[in-house]
There are 2 protein chains.
Amino acid sequence: MQTKYNKVKQEIKTRILDGTYVPNQKINSENELMKEFGVSRHTIRVAVGELVNEGWLYREQGAGTFCADRKTNEKKPKTNKKNIAIITTFISDYIFPSIIRGAESYLSERGYNVSIYSTNNNIDSEKRVLESILSQDVDGVIVEPTKSAFTNPNINYYFNLERMNIPYIMINAFYEELEPLCLVMDDEKGGYAQTEHLIELGHKNIVGFFQTDDTQGVKRMKGYIKAHRKHQVPINPNYIISFFSEEKKTKPHEELEKLLSASADVPTAIVCYNDELAVSLLDITRNRKLNIPKDISIVGYDDSFLAEATEVKLTTVKHPKMEMGEEAARMIVNLVEENHSPSRKASPKYENVLYEPKLVIRQSTRKIEDK
Amino acid sequence: MQTKYNKVKQEIKTRILDGTYVPNQKINSENELMKEFGVSRHTIRVAVGELVNEGWLYREQGAGTFCADRKTNEKKPKTNKKNIAIITTFISDYIFPSIIRGAESYLSERGYNVSIYSTNNNIDSEKRVLESILSQDVDGVIVEPTKSAFTNPNINYYFNLERMNIPYIMINAFYEELEPLCLVMDDEKGGYAQTEHLIELGHKNIVGFFQTDDTQGVKRMKGYIKAHRKHQVPINPNYIISFFSEEKKTKPHEELEKLLSASADVPTAIVCYNDELAVSLLDITRNRKLNIPKDISIVGYDDSFLAEATEVKLTTVKHPKMEMGEEAARMIVNLVEENHSPSRKASPKYENVLYEPKLVIRQSTRKIEDK
DNA sequence: TCCGATTTGTTCGTATGTATG
DNA sequence: GCATACATACGAACAAATCGG
């Protein structure tokens, strides 16, 4: 206890304990302490450094050294390793792995830990996942909302995240009620682009298949309708097929079969909710010996590797999978770090990111044959 | 991470984690480290100081600095939540998401936390990931080995896992040197099945494409050769094409183009390392107006959704993706819980799981046409 | 038991970089 | 743009503890 730095340390600690320095108050600068104790700056730094390590103080470059608030610090975990949770709907979907990949590479490079949870687009699972996250020490959450088109009964869990000061951002879709920070595509414009492309190629009988338990599908459908209105193409109500994720392997196929068997008004083009659906509908057209794009044009969505896997390279809408994952990671890291620096300055407003859909034209669409 | 002291710190930490410094061993003196890193003593002291603070090292004046023994230090019954880390090669591959999904659903139901890491089949990334895992409190690890066909320079990290009593199991492949618990397919038998099927259909000129930086590929190639021997079909050495993961998008395609352009001995069948490759090679046969399976038969591996995405439904080998993930999860949970229960009964020997490959015959293979 | 070499601990001085207000 | 405050880095000196001979 005879060393100079130890004396300085003791004195500063005393000031914290006797209330001279109250929580979050700026203490004397290193320069002032130097003069006050008549020691070198290095000595001050050693003393302050130990106090910082022990959790009594915190430093901010350019601003000063501050007295820590030890009350809230009580549950302090030992490692400073941060955890980010990613909540997905389907891990094995083709677009989510890419999103995760983008996020994981950014996060792990910065020493973050990535935990994943999947809800299977099921509300109960989402609840379980959110409870689990709330009871651990997660520092930030990236979430793709489950059944985003519906009112979410788990909304309180998200409010709880806010109350616990855990930042979260939503990707692909978001719950309207929450108005959260989010990164989404302009799905309406995407659906519009899909449809307009077909209309411009002369198609008038365009079936649209949309998964409407997620907002993505609802918005794409809106875009589909809008494109028809804009170009004054009448919409046949039978041509709008909506389905839920549970039905995605059956309903669209049955409906398409029906439409293709119809005696009149047979569709000449198909707008699909995504590439996965487009590719699986191709089986039906193949069975019927229909040539794509000669007999029927088809447009996918997401520009996944499925779009190029088949003999018919799909015209589709580009989804910024990896970029979205990385951008989400970047954003959550900023939020977490700003959150962790105890200076509560006016937080810079982060902005939602809206990705512009871009139509990728390949060989699955073509000008309609004149009769 | 750009600062000098941080580099020094990182390097020292690496030496602790990779076993260069074992617990209680004296590490290099400050003087030696100065020379070694070409930095001042101050810098060394800052780096070592932080590691001491984090519990990796301890110093003794006059004696030296020593590697701390962390496993005895493991007296933290803080959270009852357990963490499982899954290390993958490529998150966005088509089989890994399914494996993760299987594991995630089992683990999260049992209150486990799932963290994922991806190495991109790159040794340096694997090292980074393992260091990160060793620095946290992970309770169990499921790992798909990186570059499993080669001697792994990160092997010491796995020994360190053992020393720290963290169970790990390997899936899809394993490092021979470690003899770990593992869940793998019988890839040799799989390659054998692919090839034998073609031979039985009368094919004699069978090209094989194998990714040989992972054991899976090496073993499948073995099976390919074995099938030829068994049926006394001579092997044309030019017909065995091996490639590394970095080349997977180019080399096989170039080689196939060459073979198909040859004047004589044109192959009549193709054995592929996996469905992804098979599907992408289909582009080449399509461009050459070759009919599958009339002109060429092709066999994939994994029975992924790609196998059914194209116009040619692939004959392929079934990979128990989800089951493997779930089984791995079940196994690691057992190991972790047995580990944590204080009763140290003779641990029941867990057994490796060897999945039998099953050929799924679809439309991409057919009996060779007689001339 | 003491010595001297080694190793960590403390302290000072100085310089430059970078973030903040 | 500028002053202030902390961050990183180099060099030097002496103190205190350890250890082998």
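Convention: sequence-line order gives letters A, B, ...; per-chain numbering from 1.
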Whole-Å distance separating the [atom1] atom of [X] from the [atom2] atom of [N]:
| X | N | atom1 | atom2 | value |
| --- | --- | --- | --- | --- |
| Ile44(A) | dC6(D) | CD1 | P | 11 Å |
| Asn28(B) | dT8(C) | CG | C1' | 15 Å |
| Leu51(A) | dC6(D) | CG | P | 14 Å |
| Tyr58(A) | dA5(D) | OH | P | 16 Å |
| Leu57(B) | dG9(C) | CG | P | 11 Å |
| Lys35(A) | dG13(C) | NZ | P | 14 Å |
| Glu50(A) | dT10(C) | CD | C1' | 11 Å |
| Asn31(A) | dA3(D) | CG | P | 15 Å |

Side-chain donor-acceptor pair under 3.5 Å between [X] and [Y], yes or no?
| X | Y | value |
| --- | --- | --- |
| Asn24(B) | Tyr58(B) | yes |
| Glu126(B) | Asn121(B) | no |
| Thr151(B) | Glu177(B) | no |
| Ser245(B) | Asp213(B) | yes |
| Asn122(B) | Arg128(B) | no |

Candidates Ile133(B), Ile86(B), Thr88(B) - the one meeting side-chain contact (heavy atoms from CB on, under 4.5 Å) with Tyr117(B):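 Only one option passes, and that is Ile133(B).
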Contact letters for nucleotides 9-14 of chain D, in which S counts primed atoms plus P, OP1 and OP2 and B counts the base, heavy atoms under 4.0 Å: BBS-B-
Heavy-atom protein contacts under 4.0 Å, nucleotides 16-21 of chain D, coded B base, S sugar-phosphate only, - none: BBB---
Side-chain N,O (Thr65(B)) to OP1/OP2 (dT7(C)) below 4.0 Å: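 Checking dT7(C) against Thr65(B), no side-chain N or O comes under 4.0 Å of OP1 or OP2.
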Distance below 4.0 Å between Arg45(A) side-chain N/O and dC6(D) OP1 or OP2: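 So the side-chain polar atoms of Arg45(A) never come under 4.0 Å of the phosphate oxygens OP1 or OP2 of dC6(D).
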Ring geometry between Tyr168(B) and Tyr158(B) (parallel below 30°, tilted from 30 to 60°, perpendicular above 60°):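 Tyr158(B) and Tyr168(B): tilted rings.
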Heavy-atom pair with the smallest gap, counting every atom of Phe37(A) and Glu11(A):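 In terms of heavy atoms, the two residues are closest at CZ-CG, 3.4 Å.
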Any donor-acceptor N/O pair, Arg110(A) side chain to Tyr106(A) backbone, under 3.5 Å: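 A pair under 3.5 Å: yes.
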